[in-house]
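This report concerns only the one structure given below.
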Amino acid sequence: MIFETLKPKVLAIVENQKQSIDERLLAICNLLESNVGYYNWVGFYFRNGDKEELVLGPYVGAPTDHTVIPFGKGICGQVAVSNQNFVVPDVSAQDNYIACSISVKSEIVIPIFVDGKNIGQIDIDSETPDPFTDADERFLEFVCKKVSEILS
């Protein structure tokens, strides 16, 4: 499975202290987007201090207008409130979906926890309908756990 071959690469990126945190996060985005065929936009959102909003961090893919997302709005905003993974097989079926691009068909968002607090998330959009499996969730949980270690 592709995810098993990507895990050591994620570890190598995370452990590379010659790069800034943002450079490492961007390298993770590039790694995922270029190696998983149905990952068409990969990015990080982080809580904006004490504000109830997320701000866009490093990402790869089409530019987005959604650089600030209020808690509760869209899939990312819902994950900021629920602290739960959110897999959306068909974005058109979601009432609270914020469209980034008409080509996006599905989305997966996994929260990042530091000291038990949800401080951000990885957000992946796909132009493929319903591509995400439990394997994606487990792998992205691994990625978020490793990212949390450099953010704590």
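Since the model is a prediction, treat every value here as computed from it, not as a measurement.
Classified by interplanar angle (parallel below 30°, tilted 30° to 60°, perpendicular above 60°), the ring pair Phe3/Phe139 is parallel.
A salt bridge does not link Lys146 with Glu15: every distance from a Lys NZ or Arg NE/NH1/NH2 to an Asp or Glu carboxylate oxygen is 4.0 Å or more. Between Lys145 and Glu141, no side-chain nitrogen of the basic residue sits less than 4.0 Å from a carboxylate oxygen of the acidic one, so the salt-bridge criterion is not met.
Judged purely by atom type and a 3.5 angstrom limit, Asn48 has no side-chain atom pairing as donor or acceptor with the backbone of Glu53. At distances below 3.5 Å, not a single donor-acceptor pair connects side-chain atoms of Arg47 with backbone N or O atoms of Leu54. Listed for the Glu23 side chain is no donor-acceptor partner under 3.5 Å among the backbone atoms of Gln19. Looking only at distances, a side-chain donor or acceptor of Asn35 sits under 3.5 Å from a matching main-chain atom of Leu31. Thr128 contributes no side-chain N or O that, together with a main-chain N or O of Pro131, makes up a donor-acceptor pair within less than 3.5 Å. Between the side chain of Asn118 and the backbone N or O of Gly120, at least one donor-acceptor pair lies under 3.5 Å. Without hydrogens or angle criteria, Ser126 side chain to Glu107 main chain gives no donor-acceptor distance under 3.5 Å.
Lys7 forms a cation-pi arrangement with Phe142, by the criterion of a distance under 6.0 Å to the ring centre and an angle within 45° of the ring axis.
Residues that satisfy the ring pair (Phe, Tyr, Trp, His ring centres under 6.0 Å) test with Phe86, not counting sequence neighbours, are absent from this structure. Residues satisfying the side-chain contact (heavy atoms from CB on, under 4.5 Å) criterion with Asp50, sequence neighbours excluded, are absent altogether.
Under the 3.5 Å distance criterion, with hydrogens and angles disregarded, a donor-acceptor pair is assigned to the side chains of Ser92 and Asp90.
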Quick one: do Asp136 and Tyr38 satisfy side-chain hydrogen bond (donor to acceptor under 3.5 Å, both in side chains)? Show the steps, please. CA-CA 11 Å; Asp136 291 274; Tyr38 52 92; 2.8 Å; yes
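For Pro111 against Asn85, the heavy-atom pair with the smallest separation is CD-OD1, 3.3 Å.
The shortest side-chain heavy-atom distance between Ile108 and Val88 does not fall under the 4.5 Å cut-off.
Taking Ile, Leu, Val, Met, Phe, Trp and Tyr as hydrophobic and joining them when side-chain heavy atoms fall under 4.5 Å apart, one finds Val55 in a cluster with Val68.
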